[in-house]
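Residue numbers start from 1 in every chain, and the chains themselves are labelled A, B, ... in the order their sequence lines are given, proteins ahead of strands. Only a predicted model underlies this, so the values are computations on that prediction, with no experimental measurement involved. All values below were derived from every heavy atom in this structure, side-chain atoms included, with hydrogens, water molecules and symmetry-related copies excluded.
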2 protein chains.
Amino acid sequence: MSTKTKNGKRVFLQNEDCPIRNVVSQVGDKWSMLILFSLVEGPDRFNSLKTRIEGISQRMLTQTLRDLERDGYVNRTVYPEVPVKVEYELTPLGEGLAKSLWKLVSWANTHHDEIRSARREYDRDNG
Amino acid sequence: MSTKTKNGKRVFLQNEDCPIRNVVSQVGDKWSMLILFSLVEGPDRFNSLKTRIEGISQRMLTQTLRDLERDGYVNRTVYPEVPVKVEYELTPLGEGLAKSLWKLVSWANTHHDEIRSARREYDRDNG
DNA sequence: CTCACAGGTTATCAAAAGGTAACTAGGGCA
DNA sequence: TGCCCTAGTTACCTTTTGATAACCTGTGAG
């Protein structure tokens, strides 16, 4: 993420080779983390995820699942039953990601009120 | 983040009261984390940040700093020198956030290659 | 033949994010 | 007076993200 130094301070990069940008730009969208944490509890099917994740549309669920699959976080398995059953599950990589996100989640839970009140104060004092 | 349970599986929310969404939607944009980790090394000035964070424009730097300030992660101090000096520094809240992001950063560094090769494989097999 | 079900895809559109470039403000300096 | 500095703001435009809603596919049941 950071590379050279320049008068004592690090210089930060933002290109496609930056690991943290590659991870955060995937996981930082509207739905990825919700899907990830749903799947932490075990493999699940398309329609079940759609029900569990409130407000997600069919289109965004498909699309986000494809993106997670692409990065190797999620496996997609088709069972040729009838009607067809498609199951999604975390890969070891996806489980590792979820674990390393957990600290952030618990921090967010703990400090949520602080953030919200900072936001209110800022909005009161400014625009 | 998750609330009720429904046949054994948690149901996930995505509204404005969800702590993790409130944090991630702020920090998951293109520049916030780079600014955050720049400021971990100590307070810094507008133009110094602009130099250190490669590719950021004046407009996006101002805007992202304002958003970070709004959520209480960053303090902005104006020194009425000449020419004016404006220093940005992490608040304790911002330092806490950076710390809890660190695990994610090191995970990303460790598994970057894995992600990139998963991506290549997916793109080869599919579109 | 028609309907239902799971798991999608496609078209269309609105909103948000982000980039470029020009302009501004408040001073000091020559 | 004109030019430079820092630290912005503004206008304009393009790209990306996401929402809605309609359509499709394969299969079995009635």
Side-chain angles (χ1 to χ4, degrees), chain A residues 7 12-16 18 21-22 24-35 38-39 43-71 74-89 126-127, chain B residues 7 12-16 18 21-22 24-35 38-39 43-71 74-89 126-127:
Chain A
N7 60 20
F12 291 80
L13 301 173
Q14 54 94 23
N15 59 29
E16 72 285 351
C18 171
R21 286 221 47 71
N22 253 327
V24 169
S25 69
Q26 167 54 44
V27 123
D29 68 5
K30 191 165 178 184
W31 300 109
S32 289
M33 286 191 60
L34 294 173
I35 294 178
S38 296
L39 293 178
D44 207 355
R45 306 177 51 177
F46 187 85
N47 276 334
S48 170
L49 287 168
K50 202 179 145 208
T51 307
R52 291 171 66 201
I53 300 171
E54 298 199 337
I56 198 168
S57 66
Q58 207 157 19
R59 184 183 175 281
M60 288 313 296
L61 181 55
T62 311
Q63 189 175 303
T64 310
L65 281 167
R66 293 291 173 276
D67 289 344
L68 293 172
E69 199 192 346
R70 177 173 184 252
D71 278 11
V74 160
N75 269 333
R76 176 175 181 272
T77 315
V78 181
Y79 296 94
E81 305 173 356
V82 58
V84 72
K85 170 174 146 185
V86 178
E87 218 172 53
Y88 294 91
E89 65 178 335
N126 306 272
Chain B
N7 59 22
F12 290 80
L13 300 174
Q14 53 95 24
N15 59 31
E16 72 284 353
C18 170
R21 286 225 45 71
N22 254 326
V24 169
S25 68
Q26 167 55 44
V27 123
D29 67 7
K30 191 165 179 185
W31 301 109
S32 290
M33 285 192 61
L34 293 173
I35 295 178
S38 297
L39 293 179
D44 206 355
R45 306 177 50 176
F46 187 85
N47 276 336
S48 171
L49 287 169
K50 202 180 143 204
T51 307
R52 293 172 64 203
I53 300 172
E54 299 201 335
I56 197 167
S57 66
Q58 210 156 16
R59 182 183 175 280
M60 287 314 294
L61 181 54
T62 311
Q63 189 175 300
T64 310
L65 281 167
R66 293 290 174 276
D67 289 344
L68 292 172
E69 201 193 345
R70 178 173 185 252
D71 277 12
V74 160
N75 267 334
R76 176 176 181 271
T77 315
V78 181
Y79 296 95
E81 305 173 358
V82 60
V84 70
K85 170 174 147 186
V86 179
E87 220 172 51
Y88 294 91
E89 65 177 336
N126 306 270

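Per the geometry, CZ belonging to B:Arg66 stands 17 Å off P belonging to C:dG18, to the nearest Å. As rounded to whole Å, 14 Å separates atom C1' of D:dT16 from atom CD of A:Gln26. Per the geometry, NZ belonging to A:Lys85 stands 18 Å off P belonging to D:dT27, to the nearest Å. For the pair A:Asn126 CG and D:dG8 P, the computed distance is 13 Å after rounding to whole Å. As rounded to whole Å, 14 Å separates atom P of D:dA7 from atom CD1 of B:Ile53. Distance B:Lys50 NZ to C:dA21 P: 13 Å, rounded to the nearest Å. Atom-to-atom, OH of B:Tyr79 to C1' of D:dC5 comes out at 19 Å; the value is rounded to the nearest Å. Between A:Glu54 atom CD and D:dG18 atom P there is a gap of 18 Å when expressed in whole angstrom units.
The nucleotide whose nearest atom lies closest to any side-chain atom of B:Thr62 is, among D:dT9, D:dA7, C:dG8, D:dT9. Distance from the side chain of B:Lys30 is smallest to C:dG18 among C:dG18, D:dT6, C:dT9. Comparing D:dT6, D:dG28, C:dG7 against the side chain of A:Val82 picks out D:dG28 as the nearest. When distances are taken from the side chain of B:Gln58 to each of D:dG8, D:dA19, C:dG19, the shortest belongs to D:dG8. The listed nucleotides are D:dA7, C:dG8, C:dA6; the one nearest the side chain of A:Arg76 is C:dG8. The side chain of B:Phe46 lies closest to D:dG8, out of C:dA6, C:dG19, D:dG8. Checked against D:dA7, D:dG18, C:dG19, the side chain of B:Trp31 finds its nearest nucleotide in C:dG19.
Phosphate proximity of D:dG8 to B:Tyr88: present, with a side-chain N or O under 4.0 Å from OP1 or OP2.
Between atom CG of residue B:Asn126 and atom CD of residue A:Glu69 there is a gap of 7.0 Å, rounded to the nearest 0.5 Å. One distance of note links CG of B:Asp29 with CD of B:Gln63; it measures 8.5 Å at 0.5 Å rounding. How far CG of A:Leu65 is from CE of A:Met60: 10.5 Å, rounded to the nearest 0.5 Å. Rounding to the nearest 0.5 angstrom, the gap separating the CG atom in B:Leu61 from the CD1 atom in B:Ile56 is 4.5 Å.
Side-chain N/O atoms of B:Arg59 and base N/O atoms of C:dG19 include a donor-acceptor pair closer than 3.5 Å.
In terms of position along DNA chain D, the nucleotide closest to A:Ser57 lies nearer the 5' end than the nucleotide closest to the other residue of the pair A:Val84 and A:Ser57. Map B:Pro83 and A:Gln63 each onto its nearest nucleotide of DNA chain D; the residue landing nearer the 5' end is B:Pro83.
Between the side chains of B:Gln26 and B:Ser32, at least one donor N or O sits under 3.5 Å from an acceptor N or O.
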